[in-house]
Asks: 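One structure is given below, represented as C-alpha cells, and several questions about it will come after.
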Number of protein chains: 2
Amino acid sequence: MTLSEEDYIKAIYHLGKGENSIVSTNEVAEQMSTKPSSVTDMVKKLSDKGVANYKKYKGVCLTEYGLKVALTLVRKHRLWEVFLVEKLNFAWDEVHEVAEQLEHIKSEKLTDSLDKLLGFPQVDPHGDPIPSKNGEFKKAVKKLLNEIPVGTSGTCVGVRDSSAPFLKFLDKNKIALGDTILVLEKEEFDGSLYIQVKGEDIRISDQIAANLYLKITE
Amino acid sequence: MTLSEEDYIKAIYHLGKGENSIVSTNEVAEQMSTKPSSVTDMVKKLSDKGVANYKKYKGVCLTEYGLKVALTLVRKHRLWEVFLVEKLNFAWDEVHEVAEQLEHIKSEKLTDSLDKLLGFPQVDPHGDPIPSKNGEFKKAVKKLLNEIPVGTSGTCVGVRDSSAPFLKFLDKNKIALGDTILVLEKEEFDGSLYIQVKGEDIRISDQIAANLYLKITE
DNA sequence: ACAAATATTTAGATTTGTCTAAAATTTGAT
DNA sequence: ATCAAATTTTAGACAAATCTAAATATTTGT
Ligand SMILES: [Mn+2]
Ligand SMILES: [Mn+2]
Ligand SMILES: [Mn+2]
Ligand SMILES: [Mn+2]
C-alpha cells in the first residue's frame with residue numbers, strides 16, 4: 001500500500017464514522033483537499049486491489065480487508081500521538097502533523113513495541129480510542145457539551161475538532177481532558193454556555209461546546 | 001526534498017566517504033540498486049536544486065547545502081537506530097530497514113526531542129558517530145581488525161558491514177561493541193586470525209576481520 | 001415530470017521517478 | 001596513438017498521482 005493509498009483509506013474510514021457506511025466522491029475530495037476526479041481514479045484502484053467497494057456514481061466503502069488496513073493506520077497514528085506527548089513532551093496541538101507521517105512507517109514489530117513502551121494506552125491525547133493489535137476498540141460513550149442539559153456535569157474525554165487553534169483555545173482557558181465540567185446556564189439567543197471548570201465559572205460559545213466531548217458522570 | 005531525493009543525497013554522501021569526494025553515476029546506481037540512467041536524471045535535478053554539483057561524464061558531489069541535508073539525514077537515521085535498540089529492545093541487526101523509513105520524517109522538533117530523550121548519544125548501535133544538531137561529529141579513530149598487528153589489542157567500536165547476517169554472526173560468537181579483542185596470531189595462507197575475546201580464544205576469517213573496527217587501546 | 005442545479009466521471013495533460021535501448025564519451029591496453 | 005571495452009548520457013516509454021475542462025448522470029424543486 002502506498003502512502004497516498006493509505007491516506008485515502010483513512011479518509012474513507014473516517015467519513016464512514018466507524019460504521020463503514022458509503023461515502024461520496026465529493027466528501028472524500030473535500031476531506032483530502034483534492035479534486036473529485038482524483039478521487040474517482042483512486043477509488044477505482046482501491047477497488048481493483050480489493051480494499052474498497054466502489055460503484056460508479058454510487059459511492060465507496062471499505063471491504064473487510066480495507067477496514068483492517070484502516071484500523072492499523074488509526075492505531076499507528078494514535079500510538080505515535082501518545083508517544084509524542086508522553087515521551088517527547090509535545091503539546092496536544094502539535095502532534096497531528098507528525099503522526100500523519102509516522103503512521104505510514106511499515107513495521108509491525110515497531111508498532112507493537114511502541115504500544116508496549118507506552119503501557120498499552122486506551123486513548124490518544126485527544127481522547128480518541130486506540131485500536132488493539134487485532135483491530136478492536138470500544139467506542140467511547142460520550143456526548144458533545146452543547147447537547148448536555150443544564151445542571152448536568154461530566155468529565156471531559158475528547159475533542160471533535162483537533163486542530164491547533166481549538167486545542168490552543170482549550171489550553172488558554174485551562175480546559176483539559178479529565179476535567180469535570182458543570183453546565184450552569186444556556187443562553188437561548190446564541191447557544192452559548194456558562195460552565196464551571198476547576199472552580200472557575202466561564203462563558204463559552206456554542207462553537208466551542210459543539211467540539212468538546214464529555215462523559216456524563218451520572 | 002522528496003523521499004527519493006533524500007535517499008540519493010545520502011548515497012552520494014556515503015560514497016564520498018565523508019570527504020564529499022566526487023562519485024560516479026555507476027557507483028550511485030550500484031549503491032541504490034537503480035540504473036545509471038535513473039541516476040543521471042536525478043543528479044541533474046539535484047544540481048538544479050543547488051544540492052549537488054554535477055558535471056556530465058565527470059561525476060557528482062554535494063554542495064555545502066547538500067552536505068548539510070545529508071548530515072541531517074544521517075543524524076536522524078542513527079538517532080532512530082539508537083531509539084529502536086535502547087527504548088524498544090530491537091536487536092542491532094533489525095534496525096536498519098526501519099530507520100531507513102524513519103529518517104525521512106520531517107520535524108526538527110521531533111529529531112531534537114528524540115536526541116534529548118536518548119541522552120544525546122554519540123554513536124549509533126553499529127558504532128557510527130551521530131552528527132550534532134549543527135552537523136558536527138568526530139570521525140572515530142578506528143582501524144579494521146585485519147589491519148592490526150599481532151600482539152595488539154583494542155576495543156571493538158564499530159562495524160563496516162551492518163547487514164543482518166554479519167551482525168548475527170557477531171552475536172553468535174559473543175562479540176559485541178565495547179569488547180576487548182587481542183590478536184593472538186595471523187595465518188599467512190588465508191589471512192584468518194586467532195583472537196582472544198572475553199577470555200575465549202577463537203578463530204575468525206579474514207572477511208570477518210575486515211568488517212570489524214577496533215580502537216587501539218594504548 | 002422535467003428542467004436546472006449538483007455530483008460524478010471521462011478525456012487529456014502534467015510531474016515525478018523509473019526503465020530499456022541506442023548513442024556518445026571516456027578509459028585503458030596494445 | 002588507436003580502438004575496443006566500459007561508462008555515461010540521451011531518447012522514448014511507462015506507471016503513479018494529480019489537475020482542468022468537458023461530458024454524463026443524478027438529484028431536486030416546481
Ligand atoms: Mn498520513
Ligand atoms: Mn488524535
Ligand atoms: Mn531512506
Ligand atoms: Mn547504523
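Below, chain A is the first sequence line, B the second, and so on; all start at residue 1. This is a predicted model, so every value here is computed, not measured.
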Asks: Among C:dT10, D:dT9, D:dT20, which is the nearest nucleotide to the side chain of B:Ser37?
Replies: D:dT9

Asks: With heavy atoms under 4.0 Å as the rule, sort A:Ser38 into base, sugar-phosphate or nothing.
Replies: base

Asks: Counting side-chain heavy atoms from C-beta on, which of C:dC19, D:dT9, D:dT18 comes nearest to B:Thr25?
Replies: D:dT9

Asks: Under a 4.0 Å threshold between the charged nitrogen and the carboxylate oxygen, would A:Glu103 count as salt-bridged to A:Lys10?
Replies: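 Looking at A:Glu103 together with A:Lys10, the answer is yes, because their closest N to O distance falls below 4.0 Å.
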
Asks: It should be established whether A:Thr2 places a side-chain nitrogen or oxygen under 4.0 Å from OP1 or OP2 of nucleotide D:dA16.
Replies: no

Asks: Take A:Asp161 and A:Ser163 through the side chain to side chain donor-acceptor pair (under 3.5 Å) test and state the conclusion after the steps.
Replies: CA-CA 6 Å; A:Asp161 174 4; A:Ser163 70; 3.0 Å; yes

Asks: Would the number of heavy atoms belonging to other residues, nucleotides or ligands and lying under 6.0 Å from CD of A:Glu30 be above 12?
Replies: no

Asks: B:Lys35 has an atom NZ; how far is it from atom C1' of D:dA13, in whole Å?
Replies: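 Going from B:Lys35 (NZ) to D:dA13 (C1'), I get 16 Å.
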
Asks: Taking only residues at least two apart or on different chains, which pairs with a member in residues 120-133 of chain A satisfy side-chain hydrogen bond (donor to acceptor under 3.5 Å, both in side chains)?
Replies: A:Glu81-A:His126, A:Glu108-A:Lys133, A:Asp112-A:Lys133, A:Gln122-A:Lys138, A:Ser132-A:Asn134

Asks: Given atom NZ of A:Lys58 and atom C1' of D:dT27, what is their separation to the nearest angstrom?
Replies: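 My rounded result for the distance is 10 Å.
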
Asks: Has A:Lys56 got a side-chain N or O lying under 4.0 Å from the OP1 or OP2 atom of C:dT10?
Replies: yes

Asks: Under 4.0 Å from OP1 or OP2 of C:dT18: is there any side-chain N or O of B:Tyr8 that close?
Replies: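 The answer is yes; a side-chain N or O of B:Tyr8 sits under 4.0 Å from OP1 or OP2.
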
Asks: Over how many whole Å does the gap from A:Lys55 atom NZ to C:dT9 atom C1' extend?
Replies: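 The distance from NZ of A:Lys55 to C1' of C:dT9 comes to 16 Å, rounded to the nearest Å.
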
Asks: Parallel, tilted or perpendicular: which one describes the rings of B:Phe83 and B:Trp80, with boundaries at 30° and 60°?
Replies: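 Correct class here is perpendicular.
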
Asks: Give the rounded distance in Å between these two atoms: CE of B:Met42 and C1' of C:dT15.
Replies: 12 Å

Asks: Whole angstroms only, please: what is the CD-P distance between A:Glu30 and C:dA7?
Replies: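 In whole Å, C:dA7 P lies 11 Å from A:Glu30 CD.
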
Asks: Side chain of A:Lys44: nearest nucleotide among C:dT10, D:dT9, C:dT9?
Replies: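 For the A:Lys44 side chain, the nearest candidate turns out to be C:dT10.
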
Asks: Checking contacts here: which listed nucleotide (D:dT7, D:dT18, D:dT20) is nearest the side-chain heavy atoms of B:Asn26?
Replies: D:dT7

Asks: Whole Å only: how far is the OH atom of B:Tyr57 from the C1' atom of D:dT7?
Replies: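 It is 9 Å, rounded to the nearest whole Å.
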
Asks: Let me spell it out: for each of A:Leu3 and B:Ser24, pick the nucleotide of DNA chain D with the closest heavy atom. Which residue's pick is nearer the 5' end?
Replies: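 Mapping each residue to its closest nucleotide by heavy atoms, the 5'-most match is B:Ser24.
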
